[in-house]
Amino acid sequence: MANIPEHVLSEYERLKDELNQHNHRYYVLDDPAVPDSEYDRQMRLLQDLEQRYPTLLTPDSPSQRVGGVALTAFTQVRHDIAMLSLDNAFSDAELEDFDRRIKDRLNYAAQEQAPEIEFACEPKLDGVAVSLLYLDGLLVRGATRGDGMVGEDITANVRTINSIPLKLVGENIPELLEVRGEIYLPRAGFDALNAKAINAGDKTFVNPRNAAAGSLRQLDSKITASRPLEMCAYSVGQFQAQTKPDTHLAMLSALRNWGFKINQHVEAVVGVADCQDYYSRLAERRDSLAYDIDGIVYKVNDLHLQQRLGFVAKAPRWAIARKFPAQEEMTKLLDVEFQVGRTGAVTPVARLEPVFVGGVTVSNATLHNGDEIKRLGICIGDTVIIRRAGDVIPQVAKVILEKRPANAQPIVFPERCPVCQSSVRRAEGEAVARCSGGLFCGAQIKQAIKHFASRKAMDIDGLGDKLVDLLVDQNVIFSVADLYDLRAEQLVGLERMADKSAANLVAAIESSKQTSLAKFLYALGIREVGEATSQTLANNFGSLEAVAAADADQLLEVDDIGPVVARHIVNFFRNPDNVSIIEALRAAGVNWPDIDQNAQVSQPLKGQTWVLTGGMEMLSRAEAKDRLQALGAKVAGSVSAKTSQVVAGPGAGSKLAKAQSLDIPVMDEAEFLLFLNNTE
Ligand code: IVH
């Protein structure tokens, strides 16, 4: 590098260091120090320098994370220290056996007052094991486990993973360090990858582990770079250093200081009873984690004891895995039923031979729509893999074609509504097929009434789903407007309807007449007009007449209303059936105060989208939502890149995880209350 000026060299080193640090803060500590724009600016400076002085470029440059020239094959790597696997314990008793075997081996029986063993407890991450070799602090090789003795060289691919340090940081960097850990794909990344595959008509991955493995097997590291993989370190292989830690946890903490991501749920406990307790605690949190885990790994924490215990065959004596219930199981598709929703959407539902998966017994799974049936290539009688992970509904992940029976039946999407026999139509560009029966369709009428009566709509207490089904099936009511003509005598005599409950229901219907414009708009069940949009419409138009009279252009002027929603609103109010139902409702006495638009308070959260998740102790969910909407915020049900803020209470699940993975700010209930008090 003789011809490169000194100041360029030092500037290059400075940029590399700084970018590596930003990267570490962002991907390992989840605590970015600078905005993305600043990171991008520095990256461009670095890339400029590398272009002008190509000899500068070193493999630890953060610019190398984007992937490089594709390989033609992976070369083999021999592991100097074998990468072992773990024995499994399938019950409390087997874990106790493990503890006893350790004590026997250490001859504790001969000792008076032998201590309980201290165990490091860790989630068993469901990904792909990796070995990373560092010489004098620089990443020189990444390898898969392979058969434990020989793996494949995936250095180019591991360099693209942002939570893997290209260069170690901190003190006492060892001359030689082989770090082992798990590369995995968080659930949000997995969902996004599969959504992209579905859009492109490609095959989807069954689970995040397969997706991670597939991403690492790419000869073209640019593909790997496009997958949001993460890596957590959980042990070391080869290790040459001045001093070595005494415990597994101290080792993990050294790894953390050198720049590795360590799973945040790692903890040390004493004795096997506390291991069981850790198992229950983590089992409870499993669904809410941002990534899949398939169990717990217990490791003797004392590294000297580990050495004394040694190995048997392919697994250490000092560690064991305790598995959680599987998140994927095989079962049979017995039948497919087609359900009709409020807006007429005809949804195929898989009826399955009941199977225990992800901790619950599953006997139904949605097949979403006709495209999904085609994509899966599924037939009745097929053996399928059901996946249930996190708090999402069970999915059919794959059909096992090898197991298809000779009498498998293709699934025929109905051309007529299974409830009212009207034709089923599918609009251009839409995946969903709909019954065209509208208010002639019993299923749509029932759903419309249930929605109308629901808590966030007209809030009619005592009008449950079963009762609505009965009232419609027995031709007592035909539309939401008929509710207001119901008399107690008509109700008494219906299944499980006593005098008292009939009178209560009539009273509840009566008191629902007093409502708000937003709730009424929501109750109408206009397609894609949820609570937040209803509130926005009420705020912007002030009266039902104004909303009903608005054309698409006027609607489009309102923030957050796009062309699709605008079209649904216009169509709804153009439909004479809907108009007459609204008239009947008003004639029956349903009313609300109009909103004086001039008196509107300032809306400091206008343009923001908030998501509430988990439990709340001081406020009800509905109240929290009302207060946010009053401040102009939109309150959404799911987290996306557009979410401004998440409020997460105890038990928050995948929404919190997704917010964290997207780096969306999160506050707890106490912070939220403080915020409301300061803002309102
Ligand atoms: S320790 C000798 N710790 O489980 C001990 N393994 O069957 C080697 N795994 O191939 C592994 N999370 O890929 C260890 N916290 C953890 C782990 C973990 C996931 C995987 C690993 C290994 C397999 C063992």
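Numbers for residues simply follow the sequence, beginning at 1. Hydrogens, waters and symmetry mates are skipped; everything else that's a heavy atom, side chains included, is used. As the structure lists them, so they are numbered: ligands from 1, and atoms in each ligand from 1.
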Looking at K103 and D99, is any side-chain nitrogen of the basic one under 4.0 Å from a carboxylate oxygen of the acidic one? yes

Holding to salt bridge (Lys or Arg N to Asp or Glu O under 4.0 Å), I want the full list of residues that pass it with R209, two or more places apart in sequence or in another chain. D126

Please list, one pair per line, the donor and acceptor atoms closer than 3.5 Å that link side chains of residues 71-84 to other protein atoms, with sequence neighbours excluded.
{"from": "H79", "atom 1": "NE2", "to": "T144", "atom 2": "O", "distance (Å)": "2.9"}
{"from": "H79", "atom 1": "NE2", "to": "R145", "atom 2": "O", "distance (Å)": "3.3"}

Indicate the ring-plane relationship of F98 and F119, choosing parallel, tilted or perpendicular according to the 30° and 60° boundaries. tilted

Would you tabulate the polar-atom pairs, meaning N/O of ligand 1 against N/O of the protein, with distances under 3.5 Å, reported to 0.1 Å?
{"from": "ligand 1", "atom 1": "3 (N)", "to": "K299", "atom 2": "NZ", "distance (Å)": "3.0"}
{"from": "ligand 1", "atom 1": "4 (O)", "to": "K124", "atom 2": "NZ", "distance (Å)": "3.2"}
{"from": "ligand 1", "atom 1": "7 (O)", "to": "L86", "atom 2": "N", "distance (Å)": "3.3"}
{"from": "ligand 1", "atom 1": "12 (N)", "to": "L125", "atom 2": "N", "distance (Å)": "3.0"}
{"from": "ligand 1", "atom 1": "13 (O)", "to": "E182", "atom 2": "OE1", "distance (Å)": "2.5"}
{"from": "ligand 1", "atom 1": "13 (O)", "to": "E182", "atom 2": "OE2", "distance (Å)": "3.3"}
{"from": "ligand 1", "atom 1": "13 (O)", "to": "Y234", "atom 2": "OH", "distance (Å)": "3.1"}
{"from": "ligand 1", "atom 1": "15 (N)", "to": "E122", "atom 2": "OE1", "distance (Å)": "2.6"}
{"from": "ligand 1", "atom 1": "15 (N)", "to": "P123", "atom 2": "O", "distance (Å)": "3.3"}

Of all residues at least two apart in sequence or in a different chain, which pass the salt bridge (Lys or Arg N to Asp or Glu O under 4.0 Å) check with D191? none

Kindly determine whether I198 and T204 satisfy side chain to side chain contact (heavy atoms under 4.5 Å, CB included), including the steps that lead there. CA-CA 7 Å; I198 289 174; T204 53; 3.6 Å; yes

